[in-house]
Structures are given as C-alpha cells and as structure tokens.
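Just below is one structure, and these are the notes that go with it.
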Amino acid sequence: MPATKIETGHQDIIHDVSMDYYGKRIATASSDSTIKIIDVNNNNNTIVANLTGHQGPVWQVTWAHPKFGTILASSSYDGKVILWKESANQWTQVHVFNEHKSSVNSISWAPHDLGLLLACGSSDGNVYVHSARSDGGWETVKIEKAHGVGVSSVSWAPALAPGVLVSSGENDFVQKLVSGGCDNMIKIWKLVNGNWIVDSVLEKHTDLVRDVAWAPNFGLPKSTIASASQDGTVIIWTVGKEGEKWEGKILKDFKTQVWRVSWSLTGNILAVSDGNNDVTLWKEAVDGEWQQVTTVAP
C-alpha cells in the first residue's frame, strides 16, 4: 500500500511513533514536549488528543496491551515516565514515575502474560522495572549500574521460552530483558528469585548501542535480538537452548549511525532506520543469511 503523509502539528523534531494494538491510532513523541494521539483509521488522520506534562523532549511512547485498558507510557529528557489513560474520550495522567535521576531514553512494556510491567532505561545508568499492584499502586525495582555511562535502550523477551507455543501455566513464563548502553555493550537480564541478574553480556559493537529489539519467537527454536549502533552496524544475535552462548552476525554496515530496529509481529521481518534517512526491511533466508527485501519509500 502507498505511504501516507500524516500532519502531526508538532513544532519540533519527532523522536518516536507508536501504533496501537489495533492499528487505528498512533502516538507521536516530540522535542516540543508534547505527545499527539492521531486517529489513522480509514486514512482520516485526525489529531484527537494533545498530551502535555513533560518539561523536555519526549523520547519514546508505547502502548500497553488493551487487556489493561487504553494506556500509553511516555519517557522524556526531564527524567519522568508518565502513564496516560483514556476514559470516555478524555486522556489523564494516572501515574508519574520520578525515580529516574536523569533522562529516560527508552521504555518497554512486558508481554501481557506477565502483567502490567514497564522497563525503563535511563542516562543515570540504571534500568528500572515498574510493576502494577492489585491495589492500583506500583512497585519499582532498580537494576543498579546496568550500564556505567547510561542506558540507551531496553526490550523485553517473549514470555515463553524458545520452542514453546502454548503455556500450560505460570511456571512456563520467563522474565528476561535486554539492554543496550553507551558503553557499547548489550546485556541480557533474567529475573531469578525476585532479583535481576546478568545472564549474558554481548560485546561486538565499537560505539554506543542506540537500540535493541528482542524478536517474538512464536514457537521458533531460538531467541533472536537485533541491535543498532552508532558504529553503523546492525547485529543479529541468536541463541538456542538456555545456557548456550549467544552468537552475533553483522546484518550490514550501513556506513552511518543506525537509529532504530523493529520486528514485525511474527518476528520474521526486521525494519532498520539509519542516518541516511532510509528505512529498510530485512528477512532471513532459508540458508540463514539475511536479505534486504525492500526500502520503505519516504
């Protein structure tokens, strides 16, 4: 289908765009400190809300699973993470996380099977995991000094281990995170007996890691993570069984910084945005090599 241009009304750079679960609305985050909610159903592209509350550039926005209601999280340079909820066509702030001591660069909702959990990566070097309690309050666990010079990105692992298609109970669920940092490293974190521990450290990038994305596995026999770096490369990391070593393969050297990586819902197509203003789509071939399938027209 042809690309559609959407006028957002933002007065400054747009840093993030996130589509809701049903593909009917998008949220946009901007340096103008605002968030726009835009109805894109039937190509009407109508701005339905303008959310204000941050005092600095808004880096990311992300929708929670609809089983929890219409909830949007936003993170900002101001060190705040704000949860917004829509009710009767009105958006309100339902919670503000102030624990972060510096810019919050990345936020990621956990798979809905695990509950309402939000991971946040901050320039203070810590990863914070906020979890909703049954009484409506929130608990926060801090992964101290996750990356010494700042966390740039976080992403949750699928709730089910590789090869598992259907859960038979809560014991099948795993809680894992991947984080990328300004120290050029990628770290895998695993929740064990209530504590987050380092499961693996992946080192192959030669400059700061701008983004990490854990792919959905849907019964595939391996876990896959994509990482994007200031060094110009995207690396595809894979591992089979628990305890095995992660292997990293360079997808491509883009010769310019790579901003973001994002997986399709089925985990078989990877979108990459780079410093040349290009968005390319990649797919793994039968022989295990990754091939570019298209370039998304601006």
Side-chain angles (χ1 to χ4, degrees), residues 1 3 17-19 21 23 62 106 108 110-111 113 152-166 174 176-180 184-190 199-207 209-298:
M1 60 184 293
V17 178
S18 179
M19 182 166 280
Y21 181 84
T62 180
S106 181
S108 176
D113 312 83
S152 56
S153 52
V154 289
S155 178
W156 285 87
L160 294 174
V164 179
L165 276 172
V166 180
V174 294
K176 281 188 175 184
L177 285 168
V178 59
S179 62
N184 309 349
M185 290 193 290
I186 296 160
K187 294 184 179 180
I188 312 294
W189 304 90
K190 183 179 181 180
D199 193 52
S200 298
V201 178
L202 312 181
E203 298 182 81
K204 202 162 188 169
H205 286 296
T206 58
D207 207 335
V209 179
R210 289 203 170 272
D211 199 20
V212 288
W214 204 311
N217 58 36
F218 286 97
L220 295 175
K222 62 181 179 180
S223 288
T224 305
I225 293 171
S227 60
S229 172
Q230 184 74 17
D231 66 14
T233 66
V234 168
I235 297 179
I236 306 296
W237 307 87
T238 56
V239 70
K241 297 178 181 178
E242 181 78 14
E244 293 183 351
K245 185 179 179 180
W246 287 82
E247 300 293 335
K249 178 186 294 186
I250 295 178
L251 176 77
K252 180 184 176 181
D253 185 350
F254 289 82
K255 308 298 182 182
T256 182
Q257 66 264 38
V258 187
W259 298 112
R260 298 291 293 272
V261 281
S262 179
W263 294 98
S264 63
L265 288 176
T266 51
N268 65 332
I269 295 178
L270 179 71
V272 178
S273 63
D274 63 47
N276 290 324
N277 297 328
D278 290 328
V279 176
T280 51
L281 302 184
W282 301 79
K283 190 172 185 178
E284 187 178 15
V286 177
D287 60 3
E289 295 298 316
W290 286 82
Q291 299 175 348
Q292 182 178 334
V293 292
T294 188
T295 298
V296 179

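Along the sequence shown, residues carry numbers from 1. All values below were derived from every heavy atom in this structure, side-chain atoms included, with hydrogens, water molecules and symmetry-related copies excluded.
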Got a list of side-chain donor-acceptor pairs under 3.5 Å for residues 258-267, not counting sequence neighbours?
residue, atom, partner, partner atom, Å
R260, NE, D211, OD2, 3.2
R260, NH1, D16, OD1, 3.3
W263, NE1, A213, O, 2.9
S264, OG, T266, OG1, 3.4
S264, OG, G267, N, 3.4
S264, OG, N268, N, 3.4
S264, OG, N268, OD1, 3.1
S264, OG, I269, N, 3.2
T266, OG1, N268, OD1, 2.6

The side chain to side chain contact (heavy atoms under 4.5 Å, CB included) partners of T206 (sequence neighbours excluded) come to D231
Here the gap from I236 atom CD1 to W290 atom CH2, rounded to the nearest 0.5 Å, amounts to 5.0 Å
Paired with S153, the side-chain contact (heavy atoms from CB on, under 4.5 Å) test is passed by just one of S227, S179, S106, namely S106
*asked:* For S108, is there any backbone N or O sitting under 3.5 Å from a side-chain donor or acceptor partner on W156?
replied: yes
When every non-hydrogen atom of L281 is compared with those of A271, the smallest separation belongs to CD2-CB, 3.5 Å
Find out whether D278 and T256 are in side-chain contact, i.e. whether some heavy atom of one side chain is under 4.5 Å from a heavy atom of the other.
no
Rounded to the nearest 0.5 Å, the CD atom of Q230 sits from the CD atom of Q257 at a distance of 5.0 Å
On a heavy-atom basis, the closest approach of M185 and V209 is O-CG2, 3.9 Å
Quick note, salt bridge (Lys or Arg N to Asp or Glu O under 4.0 Å) partners involving residues 287-296, not counting sequence neighbours, are K249-E289
### Task
Assess whether side chain to side chain contact (heavy atoms under 4.5 Å, CB included) is satisfied between I188 and W246, documenting all intermediate values.
CA-CA 10 Å; I188 312 294; W246 287 82; 4.1 Å; yes
- [ ] Indicate yes or no for a side-chain donor-acceptor contact from S152 to the backbone of G180 under 3.5 Å, with no hydrogens or angles considered.
- [x] yes
Query - Aromatic ring proximity, centroids under 6.0 angstrom, W214 and W189 - result: no
When rounded to the nearest 0.5 Å, the distance separating CD1 of I186 from OG of S200 is 11.5 Å
Taken to the nearest 0.5 Å, the spacing of K176 NZ from I225 CD1 works out to 8.5 Å
Item to complete: Would you check if F254 and N276 make a side-chain contact, meaning some heavy-atom pair closer than 4.5 Å?
Response: no
Interatomic distance, OG1@T233 vs CG@D207, rounded to 0.5 Å, equals 9.5 Å
When rounded to the nearest 0.5 Å, the distance separating CG of L251 from OG1 of T280 is 7.5 Å
*asked:* Tell me whether K204 contacts the main-chain N or O of I235 through its side chain, where contact means a donor paired with an acceptor under 3.5 Å.
replied: no
Shortest non-hydrogen pair, V239 vs K245, comes out as CG2-O, 3.7 Å
